[in-house]
Amino acid sequence: MTTILRSNGIDNSPLQIFVKAKKKINDIFTEIEDYINDTVDYMHEIENEEKIVSKGKVKKIEDYVNKVRSIREVLARDHMKVAFFGRTSNGKSSVINAMLRDKILPSGIGHTTNCFLQVEGSSAEDPYLTLEGSTEQRAVESVGQLAHALCKEKLSESQMVRVFWPKNKCLLLRDDVVFVDSPGVDVTPNLDEWIDKHCLDADVFVLVANAESTLMVTEKNFFHKVSTKLSKPNIFILNNRWDASATEPEFLDQVRRQHQERAIDFLVKELCVCTTKEAEERIFFISAKEVLQARLAEQGQTVSTPLTEGFQTRYFEFQDFERKFEECISKSAVKTKFEQHSQRGKYIANELKDILEEIYNEALKLKEEKLKLQKEITDKINYTEQQLLMVTQEMKLKIRNMVEDVEQRVSKALTE
Ligand code: GDP
């Protein structure tokens, strides 16, 4: 497998915060597992020898083996999840493709995403997809074929199709970022079901808005719902299609300021999810289409197209978004995913320590009892010895007195 690295050859992406934390917590749980396995082996060795360890305690320790194993399984599946929302055709699929540097998701007229599409990294050489409720792996050869496959299936709008893309083709997927594309929020969705099914574990939400119009009530409503179910969700707002502004440069600053103010008000005053300063770092003016085209051309996948006025600035702004997004998602995922695991790990280690301490104290008590018993027996033996000595001496004295008495009587009788 070819290893992909960032252009400078060094992986200094903020995503590494999550990647390193995941490795570290995994190592800790490997140690905890070894420690529990050693304890179980030792318990089995001493279980039958003495009555130090009860069967109940051995069972309790054995149960921790399964608990730690299931935490490690969840840990292996832990990832950073970003969900994209917005009206149909605002460019959600284009943003995802631009970030993944490849045409993975179908986009454009005729390819409206009519279900949830999740793109995640896989170790397989070739991409494939699975439909909700099935484990059957269907090969995906091209974007066109994926779009065709999705159209063929009668998918309901809240169903999830998972697209597994080879990890070695994309840095973000290699680092465990999972992308979720949604049907447009304008397709009369059951927002509650959407949020409950697909959003509760999202670390970051990206609202892809159309810079050519203002934020719509339907778009705002969705995030109002999200923020009633999740406390302070991390939301980025991308004003996409900003390349359109190039045609009207005289209004550029004014339009930008207007969008910026409205978006800040939405995040700060309406949703109350961040401060004005934080909101300023969450709003970007980009063109996903341009970035995707430029990146595909860079990789030699397509020929480069003539650049529109202001392309470089928009490209830099997209990169700025990616950097802030990576920082935000990795920090948030470390907190939401690993905080719980580390609490449970601490709890298990403490419980195990308490059980072992109990066993140790019981063993000490048993030892003391044995010593006490031994002392009592020794004392008894000493007492008996003393008694015997006393009795023997008494007897000796008595016999001597008797002998003397007899001697006296005999000599008296003889003299008489
Ligand atoms: P989605 O329905 O939100 O996923 O939108 P798509 O990504 O499918 O985009 C819909 C159409 O808008 C496609 O034809 C894209 O090529 C086009 N599009 C997406 N982003 C941009 C952009 O930044 N500028 C322009 N001019 N067109 C865009």
Side-chain angles (χ1 to χ4, degrees), residues 18 74 77-97 99-100 104-107 111-122 128-136 138 140 146-147 149-151 153-165 172-173 176-209 216 218-238 271 273 325 328-330 332-333 335-337 340:
F18 177 85
V74 175
R77 284 196 308 260
D78 271 342
H79 53 241
M80 297 170 264
K81 182 167 161 180
V82 49
F84 292 79
F85 292 92
R87 272 178 305 135
T88 319
S89 295
N90 276 4
K92 296 178 292 300
S93 312
S94 303
V95 173
I96 296 177
N97 286 340
M99 290 175 83
L100 295 173
I104 295 179
L105 297 181
S107 83
H111 293 309
T112 316
T113 317
N114 54 359
C115 61
F116 277 82
L117 267 175
Q118 177 165 305
V119 186
E120 53 196 285
S122 103
Y128 62 89
L129 65 83
T130 61
L131 299 182
E132 196 172 312
S134 155
T135 50
E136 189 198 338
R138 301 167 184 231
V140 182
L146 170 65
L150 295 175
C151 284
E153 299 295 331
K154 295 253 172 305
L155 297 164
S156 89
E157 119 251 324
S158 57
Q159 255 181 306
M160 170 73 88
V161 172
R162 293 169 73 184
V163 180
F164 294 86
W165 204 256
L172 291 163
L173 298 179
D176 281 340
V177 181
V178 166
F179 290 76
V180 176
D181 192 6
S182 62
V185 283
D186 47 339
V187 296
T188 60
N190 180 352
L191 294 184
D192 285 300
E193 192 187 348
W194 277 21
I195 297 167
D196 292 344
K197 268 183 90 175
H198 308 298
C199 301
L200 294 181
D201 63 340
D203 299 292
V204 167
F205 293 86
V206 178
L207 166 59
V208 181
M216 297 280 171
T218 42
E219 289 168 322
K220 287 184 167 189
N221 267 350
F222 174 76
F223 284 97
H224 274 294
K225 283 244 174 208
V226 169
S227 61
T228 59
K229 302 204 181 205
L230 288 171
S231 75
K232 296 213 185 300
N234 296 308
I235 303 170
F236 283 83
I237 299 180
L238 297 183
L271 296 179
V273 290
F325 155 79
C328 176
I329 199 167
S330 60
S332 159
K335 214 168 154 31
T336 54
K337 309 278 162 28
Q340 258 184 9

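Hydrogens, waters and symmetry mates are skipped; everything else that's a heavy atom, side chains included, is used.
- Counting only distance, with no hydrogens or angles, the side chain of Lys337 and the backbone of His79 share a donor-acceptor pair below 3.5 Å.
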### From CA spacing to verdict: side chain to side chain contact (heavy atoms under 4.5 Å, CB included), Asp196, Lys229
CA-CA 9 Å; Asp196 292 344; Lys229 302 204 181 205; 3.0 Å; yes
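- With Ser332 contributing its side chain and Ile329 its backbone, the two residues share no donor-acceptor pair below 3.5 Å.
- To the nearest 0.5 Å, atom CG of residue Asp192 and atom SG of residue Cys199 are 11.0 Å apart.
- Contact detail for Pro183 and Trp194: the closest heavy-atom pair is O-CH2, 3.3 Å.
- For the pair Asp186 (side chain) and Thr88 (backbone), a donor-acceptor distance under 3.5 Å is present.
- Gln159 approaches Lys197 most closely through the heavy-atom pair CA-NZ, 4.5 Å.
- The shortest side-chain heavy-atom distance between Phe205 and Val226 falls under the 4.5 Å cut-off.
- A donor-acceptor pair under 3.5 Å links the side-chain atoms of Ser227 to the main chain of His224, judged by distance alone.
- Atom CD1 of Ile96 sits about 9.5 Å away from atom OG of Ser94, to the nearest 0.5 Å.
- A salt bridge does not link Lys81 to Glu120: none of the charged nitrogens lies less than 4.0 Å from a carboxylate oxygen.
- Atoms CG and CG, from Leu105 and Leu100 in turn, are 7.0 Å apart once rounded to the nearest 0.5 Å.
- Under the 4.5 Å side-chain criterion, counting only non-hydrogen atoms from C-beta, Cys328 is in contact with Phe236.
- Heavy-atom contacts from other residues, nucleotides or ligands closer than 6.0 Å to NZ of Lys335 number 12 or fewer.
- The aromatic rings of Phe325 and Phe179 sit tilted relative to each other, their planes meeting at an angle between 30° and 60°.
- Annotation: the span from Glu136 atom CD to Leu131 atom CG amounts to 7.5 Å, rounded to 0.5 Å.
- Judged by distance alone, the side chains of Asp181 and Gln118 never bring a donor and an acceptor atom under 3.5 Å apart.
- Closest heavy-atom contact between Leu207 and Gly86: CD1-CA, 3.9 Å.
- Here Glu219 contributes atom CD and Ile237 contributes atom CD1; the two are 9.0 Å apart, rounded to the nearest 0.5 Å.
- Under a 3.5 Å cut-off, the side chain of Asp176 and the backbone N or O of Met80 do not form any donor-acceptor pair.
- Checking side-chain atoms of Glu193 against main-chain N and O of Asn190 turns up no donor-acceptor pair under 3.5 Å.
- Between Val206 and Leu238 the shortest side-chain heavy-atom distance falls below 4.5 Å.
- Across all non-hydrogen atoms, the minimal contact from Val82 to Val177 is CG1-CG1, 4.0 Å.
- Within the 4.5 Å cutoff, no side-chain heavy atoms of Thr130 are placed close to those of Val161.
- In summary, the side chains of Asp203 and Thr336 do present a donor paired with an acceptor at a separation below 3.5 Å, with no hydrogens or angles considered.
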### Query
Yes or no on side chain to side chain contact (heavy atoms under 4.5 Å, CB included) for Phe222 and Ile195, after CA distance, side-chain angles and deciding distance?
CA-CA 9 Å; Phe222 174 76; Ile195 297 167; 3.9 Å; yes
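- For Arg87 against Lys92, the heavy-atom pair with the smallest separation is O-NZ, 2.9 Å.
- A donor-acceptor pair under 3.5 Å is formed between the side chain of Ser182 and the backbone N or O of Phe84.
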